[in-house]
Amino acid sequence: SARASPPHCRGRRLAGGARRSCRRRRRMESHHILGPPKEFSHIYGYQTSDSYCIAIQLRPPYEGGGGCRQIHKITSEWDSRKGVEDLTPNDMMIKFTERSIEVCSRGGSSSWHMIRGLHGPTYQQLNREKCYWTMTKHGGRYWLISIELIKKTPGKLWSRLMRDEREANRPNMKWDKDMQRTPMIMDKDGKFVPSTYCPPQQRPKYETQEEDLDDVLVEELEMLEDGVAEDSSKASKTKILMKDLVDLRFGMEESTLSMLVSARLDTEKWRELQRELGSSDAFGLEIPFGGNHVKFYLKGDEDSPILAGKLGGCVWRKGCRWSVETREGRPYLELYMPKQTPEPWSFVVEGYHNLSRTAYDPYQQMILDGLWDDEAIEEKAKGDDYFRNGEYRAAVQCYSRTLERNPDSYITLTNRAAARVAYETEKFKLEEILEDALRALEINPQWYKAKFREGIVLCRLHRYDEAIWALEEGQRMDRSNHPGWEEEISKVKEERIKWHNRKKASYLNDVE
């Protein structure tokens, strides 16, 4: 179900530059948040006239609390813990028919759990042969499942994805015998994966087949070879290079919905290029399936791309486009890329330093640390005040609300662990606190304060050797050489001696 004007769909501006209205450059498109109503969801939708795309953030099963996160669990309580590194395409099963979709995640040893809001008949018919999905890893943060649905009758936007939203949001479960009917294929590594899965940075099967059909016509086009050679010789005489046309001092504008990159063009060269081509179609854009890489180039000068490499996030490839706009009499090249998820990017394209977000003020640093939502920032500030005043339970509540909105904030995870360890004593509660510290290290492996919290909790769990190793590793990470590390390590060693020298209870007091 598409909720009315959620925060992600309002296109809020992020720090790093004012965002101009993109209405004049937008085609027929819309953004949605999908999933059960009245729950903070991590399922995003994007729609064009010919496609409906869905992005699902799959995070480690121990992350977050409350029922709103249970539908995204990959493993159940009786399964072994799976982190970000352990997920594979076989942990998902996505099936398409002409009139329905089913999105399931692996639950236990023999069950599959339907992701609510994404199973049942669709609003209108789909082109089943062109529906594919893929999964891309985003550091230690999450896996992103990208589903691309192609409409059978393009031309207009759907009012909703599912025909019966109430039925699609019912929790459901299937057993392995029901899922065994889904056909599997062998990939290049010799592993079996679902037949609807397309590996990232590759092209779906139907696109490669269309290219093969185009190759059949090559023999017929060879008759025009002489004319093409003459045209190419003319073009070679007046070939315009990318470095002469494009000023590589890029501008970057980002919102929760899209990323816009602009570059100034040389006016005389641009007019000359338009006259030669007879049109403005001078640039090429290639974004593979999954939307985490880009190649943007000037046609005729493909060896010197304008932008090429890994993106800072994933984009909807069906909505990416370029245009040349005139501002104050000067032509500007603009690349518009709708984002799959609202999180801000630390960089646009890897290796382009003038398209990266630098921590030149505290707000920029918060964005780099995974804290970007205004309400989440306010809740974290409240939690910090409660923590400093010794009100640890109230601080934990604020930190939990922060993590519901921005679950990648490793500093908030560390702060919540510090607040909870101040009053929790039960073993299973301490293990939950340890998961917070491990999750923070999974996001940022060099965060030494998470190592410190890990060492404190391991000591409380009487795992003293592991606690000492964690504290010593954190001390190596912290370049300030703070004396508190040595003090804490010595305390752990004293606690270890006391624990091993404690008086054992008599066997008479033991249960039979």
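Start at 1 with the first residue, then count along the sequence.
Looking only at side-chain heavy atoms (C-beta outward), Asn415 and Phe387 stay at 4.5 Å or farther from each other. Annotation: side chain of Leu144 is in contact with side chain of Ser146 (closest heavy-atom distance under 4.5 Å). Side-chain contact check for Val396 versus Arg416: some heavy-atom pair is nearer than 4.5 Å. Using a 4.5 Å heavy-atom threshold, the side chains of Met477 and Phe452 count as separate. No side-chain heavy atom of His138 sits under 4.5 Å from any side-chain heavy atom of Glu343. Residues Arg99 and Pro121 fail the side-chain proximity criterion, which asks for heavy atoms closer than 4.5 Å. Taking 4.5 Å as the limit, some side-chain heavy atom of Tyr197 sits within range of a side-chain heavy atom of Met135. Side-chain contact between Phe250 and Ile306 is present, with at least one heavy-atom pair separated by less than 4.5 Å.
At distances below 3.5 Å, at least one donor-acceptor pair connects side-chain atoms of Asp373 with backbone N or O atoms of Glu375. Panel note: side chain Asn406, backbone Trp372; a donor-acceptor pair is recorded below 3.5 Å. Looking only at distances, no side-chain donor or acceptor of Arg439 sits under 3.5 Å from a matching main-chain atom of Leu413. Side chain of Thr196 to backbone of Lys95: no donor-acceptor contact under 3.5 angstrom is found. Checking side-chain atoms of Lys339 against main-chain N and O of Ser255 turns up a donor-acceptor pair under 3.5 Å. With Asn444 contributing its side chain and Ile411 its backbone, the two residues share no donor-acceptor pair below 3.5 Å. Remark: side-chain polar atoms of Arg453 are not paired, donor with acceptor, to backbone N or O of Ala418 under 3.5 angstrom. Looking at Gln57, its side chain never comes within 3.5 Å of a backbone N or O of Tyr142 through a donor-acceptor pair. Counting only distance, with no hydrogens or angles, the side chain of Gln47 and the backbone of Trp158 share a donor-acceptor pair below 3.5 Å. No side-chain donor-acceptor contact under 3.5 Å links Thr48 to the backbone of Gly319.
One finds no salt bridge joining Glu473 and Arg476 here, because no Lys/Arg side-chain nitrogen approaches an Asp/Glu carboxylate oxygen to under 4.0 Å. Salt bridge absent: Glu379 and Arg405 never bring a charged side-chain N and a carboxylate O closer than 4.0 Å. Salt-bridge annotation for Lys318 and Glu29: absent, with no side-chain N of the basic residue lying under 4.0 Å from a carboxylate O of the acidic one.
Within a 6.0 Å radius of NZ in Lys299, other residues, nucleotides and ligands contribute more than 12 heavy atoms. Sparse packing is recorded around CZ of Arg128, with 12 or fewer heavy atoms of other residues, nucleotides or ligands lying under 6.0 Å away.
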Under the side-chain contact (heavy atoms from CB on, under 4.5 Å) rule, what do Arg321 and Leu285 come out as? Steps first, then yes or no, please. CA-CA 8 Å; Arg321 55 194 178 272; Leu285 178 62; 5.6 Å; no
Carefully, step by step, assess Phe347 and Leu355 under the rule side-chain contact (heavy atoms from CB on, under 4.5 Å). CA-CA 6 Å; Phe347 62 90; Leu355 283 176; over 6 Å; no
From CA spacing to verdict: side-chain contact (heavy atoms from CB on, under 4.5 Å), Tyr132, Glu148: CA-CA 6 Å; Tyr132 284 89; Glu148 198 173 276; 5.6 Å; no
One pair to check against salt bridge (Lys or Arg N to Asp or Glu O under 4.0 Å): Glu404 and Arg401. What are the steps and the verdict? CA-CA 5 Å; Glu404 282 184 356; Arg401 286 193 288 268; over 6 Å; no
Checking side-chain contact (heavy atoms from CB on, under 4.5 Å) for the pair Lys151/Gln124: CA distance, chi angles, key distance, verdict? CA-CA 8 Å; Lys151 301 175 182 177; Gln124 289 187 11; over 6 Å; no
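Pairing each heavy atom of Ser100 with each of Leu126, the nearest pair is O-CD1, 4.2 Å. Of all non-hydrogen atoms in Gly474 and Tyr448, the two that sit nearest each other are O-CB, 3.7 Å. What you find for Ala417 and Asp436 is that their closest heavy atoms are CB-CB, 4.1 Å. Here the shortest heavy-atom pairing between Met92 and Trp133 reads CB-CH2, 3.8 Å. Contact between Leu157 and Met28 at its shortest, heavy atoms only, is CG-CG, 3.5 Å. Summarising the geometry of Gly291 relative to Leu311, their closest heavy-atom pair is O-CD1, 3.6 Å, with the distance given to 0.1 Å.
A distance of 13.0 Å separates CG in Asn292 from NZ in Lys137, rounded to the nearest 0.5 Å. For the atom pair SG of Cys104 and CD1 of Ile115, the computed distance is 8.0 Å after rounding to the nearest 0.5 Å. Summarising the geometry, atom CG belonging to Leu307 is positioned 7.0 Å from atom CE belonging to Met337; distances are rounded to the nearest 0.5 Å. Note that the OH atom of Tyr399 and the OG1 atom of Thr414 stand 10.5 Å from one another [nearest 0.5 Å]. Here CE of Met162 is found 7.5 Å from NE2 of His119. Values are rounded to the nearest 0.5 Å.
Between the side chains of Tyr297 and Asp303, no donor-acceptor pair of N or O atoms lies under 3.5 Å.
Trp316 pairs with exactly one of Tyr46, Tyr44, Tyr336, Phe289 by the ring pair (Phe, Tyr, Trp, His ring centres under 6.0 Å) rule, that one being Tyr46.
Under the side chain to side chain donor-acceptor pair (under 3.5 Å) criterion, Glu424 pairs with no residue at all, not counting sequence neighbours. Judged as a side chain to side chain donor-acceptor pair (under 3.5 Å), and not counting sequence neighbours, Asp164 has no contacts.
In this pair, Phe283 and Trp322 present their aromatic rings perpendicular. The plane angle is above 60°, beyond the 30 to 60° band.
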